[in-house]
**Student:** 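Sending over a structure as structure tokens; questions will come in a sec.
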Amino acid sequence: MAKMHMQTPQLLSIGTKRRDEWPLSLSSDDFERLEWQPVAIREFILKINSRCNIKCDYCYLYELSDDSWKSQPVFMSEEVARQAASRIAQHAEIHQLESVRIYLHGGEPLQMKPHRLRKILSVLSAASRSDFEVRISVQTNGILLSDEVIDLLAEFEVGIGISLDGDAMGNDRHRRDRRGDGTYQRVVESVTRLREGPHSQLFSGFLATVDVRNDPVACYEALIAHHPPVVDFLQPHHNWDNAPPLLEPTRHVYGDWLIAVFDRWFGAARVETRVRKFEQMMKVMLGVASASESVGLSPAASVVIQTNGSYELLDTLKSAYKGAALTGLNIFDNDLDRVLHHPMVVAGQLGANGLCSTCRECSMMRICGGGHLPHRYKSGSGFLNPSVYCGDLAALILHIQSRLLESCKEAGIDFTSHTLQGRLRNPRVGALQP
Ligand code: SF4
């Protein structure tokens, strides 16, 4: 039987070299051989605005070679939102999903004027039915979060996640506006407005990008001063072709940074916030499935819908190479099951069979899961490599493991080979070579 490759115009435009790389090189025969079990898409990132009001220097959308945003309409139209809602509802019905989450994203989503935003929110909310719930969140840089906007978001029960990298010095290292001025003060004013107003329950937490030059504990303490329910720390988006700043082969500067935050968080006398990365790693150590695409082996199930209605893959893939997030599919011509069969989506759902041999033989594999997909990229082998943060992830996992075991011992819990320690030993995977 002939192999079926997904060769859309966009995939063709990224060149043969990339198409020969893993996972774009996978065919439908390979999906079967690798025992792919399709998992329905439950997270939809809707780009309602393709531009941004600030200019963070590490931004993987606007500061790298991928300038596909330039050809996108500035705002998502009501027509595109309606068709997106219809595709999402169709997908939910086919796969009998009880709920999905829609993240409003950009650029900066709150650059959309409130009257337009109201229309988009009305259209998306209308997709909910008695047996199917659409939950909406927005990820914003916070600068345009006025009382009027907060009231509007409250009307549609939209959760509000805010990007902030720590204290003023840490945040303003990278998160500056077009004049070059730091954004910290304006963001903090918005966070305070949200927290102290009548809709504080909408505050869903901070997204913070790690810069190892910042003091980790000072960064964490600056964030928890605003009482976020959750903090999510992200490593900057780099890969083997484009190494992270200050990464050293013999030291784990990113791992050490996160370990310092972990010790401060784990050692607190009371729960001050939830830290997503640490919680997910601890959950996986205890045998619970991860809810994070970048921890453990749980299948990833998210898709981006651009302002013009084209389907794209994880935005962060754009940090690997120009065009890495393109699918060549769109909401008007294609249903979501078509996206589900894209090799990059399949790759995120293969568990251990979607990892390189180094990861499959690694004792951390079940917890680490090879790290965030874009961080595994290397020209030639594509995404079939350990994370460029491999040593850092291993150091963090070992540290969390030993703190957990210490705590259990102190509490008089005796773990045997069948429980935590058993889960952490080198697993033997029925490995299939991609
Ligand atoms: S620690 Fe490194 S080798 Fe092990 S699973 Fe993670 S990325 Fe792969």
Side-chain angles (χ1 to χ4, degrees), residues 21-23 34 210 212 232-244 246-259 261-262 276-300 314 316-317 319-320 344 347-405 420-434:
E21 290 178 350
W22 197 94
L34 294 167
V210 172
V212 291
D232 203 359
F233 288 103
L234 306 177
Q235 286 114 300
H237 297 305
H238 289 264
N239 53 61
W240 293 101
D241 286 1
N242 175 22
L246 305 171
L247 190 79
E248 293 178 28
T250 51
R251 287 179 54 225
H252 309 124
V253 286
Y254 287 86
D256 290 347
W257 197 97
L258 288 165
I259 285 169
V261 176
F262 177 84
R276 192 158 179 254
K277 188 185 287 293
F278 304 153
E279 282 191 353
Q280 293 302 324
M281 284 183 170
M282 287 162 60
K283 271 173 67 179
V284 180
M285 285 176 192
L286 296 168
V288 182
S290 169
S292 164
E293 175 275 327
S294 53
V295 174
L297 296 173
S298 301
L314 280 182
T316 48
L317 288 168
S319 59
M344 200 73 86
Q349 300 195 345
L350 290 174
N353 289 337
L355 298 181
C356 66
S357 55
T358 307
C359 290
R360 285 198 307 264
E361 284 157 18
C362 169
S363 60
M364 318 278 159
M365 179 198 68
R366 288 183 188 280
I367 299 148
C368 172
H372 191 40
L373 184 65
H375 301 167
R376 300 177 207 164
Y377 184 73
K378 187 178 192 180
S379 340
S381 46
F383 295 87
L384 200 58
N385 304 293
S387 167
V388 71
Y389 292 106
C390 172
D392 299 86
L393 292 168
L396 176 63
I397 290 166
L398 282 172
H399 183 79
I400 294 178
Q401 170 194 344
S402 84
R403 287 295 308 264
L404 269 185
L405 287 170
L420 185 60
Q421 295 195 40
R423 288 195 178 281
L424 292 167
R425 65 168 193 258
N426 194 357
R428 214 30 228 126
V429 179
L432 295 165
Q433 287 298 328

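Start at 1 and go down the list; that is how both ligands and their atoms are numbered.
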**Student:** Which of parallel (below 30°), tilted (30 to 60°) and perpendicular (above 60°) describes Y377 and F383?
**Tutor:**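 The arrangement is tilted - the two ring planes meet at 30° to 60°.
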**Student:** Among protein heavy atoms, which sits nearest to atom 6 (Fe) of ligand 1, and what does the distance come to when rounded to 0.1 Å?
**Tutor:**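 Result: C368 SG, 2.3 Å.
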**Student:** Where the side chain of W240 meets the backbone of P386, is there a donor-acceptor pair that is under 3.5 Å apart?
**Tutor:**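 Such a contact is found between W240 side chain and P386 backbone.
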**Student:** Would you sort out whether H372 and H237 count as a side chain to side chain contact (heavy atoms under 4.5 Å, CB included), showing the intermediate values?
**Tutor:** CA-CA 9 Å; H372 191 40; H237 297 305; 3.7 Å; yes
**Student:** I need the nearest protein heavy-atom contact for atom 8 (Fe) of ligand 1: residue, atom name and distance, please.
**Tutor:**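 Sorting protein heavy atoms by distance from atom 8 (Fe) of ligand 1 puts C359 SG, 2.3 Å first.
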**Student:** Looking at atom 4 (Fe) of ligand 1, is there an N, O or S atom belonging to C362 that lies under 2.8 Å away from it?
**Tutor:**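 So C362 does bind atom 4 (Fe) of ligand 1 by this criterion.
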**Student:** Does the ring centre of H238 sit less than 6.0 Å away from the ring centre of H375?
**Tutor:**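 Distance test on ring centres: not under 6.0 Å, no.
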**Student:** I'd like to know if the side chain of E21 and the backbone of S381 have a donor-acceptor N/O pair within less than 3.5 Å.
**Tutor:**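 Not at all, since once roles are kept as given, no pair shorter than 3.5 Å links the two residues.
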**Student:** Could you check atom 2 (Fe) of ligand 1 against the protein and tell me its nearest heavy-atom contact, residue, atom and distance included?
**Tutor:**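 Here the closest protein heavy atom is C390 SG, 2.4 Å.
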**Student:** Which atoms from ligand 1 have a heavy atom of M365 less than 4.0 Å away?
**Tutor:**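 This gives 5 (S) as the contact atoms.
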**Student:** Could you tell me the separation between the CG atom of L297 and the OG atom of S290, rounded to the nearest 0.5 Å?
**Tutor:**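 Rounded to the nearest 0.5 Å, the CG-OG separation comes to 9.0 Å.
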**Student:** Non-hydrogen atoms of G371 versus ligand 1: any pair closer than 4.0 Å?
**Tutor:**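 No.
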**Student:** Can you report which non-hydrogen protein atom sits closest to atom 7 (S) of ligand 1, along with the distance?
**Tutor:**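 Answer for atom 7 (S) of ligand 1: S387 N, 3.4 Å.
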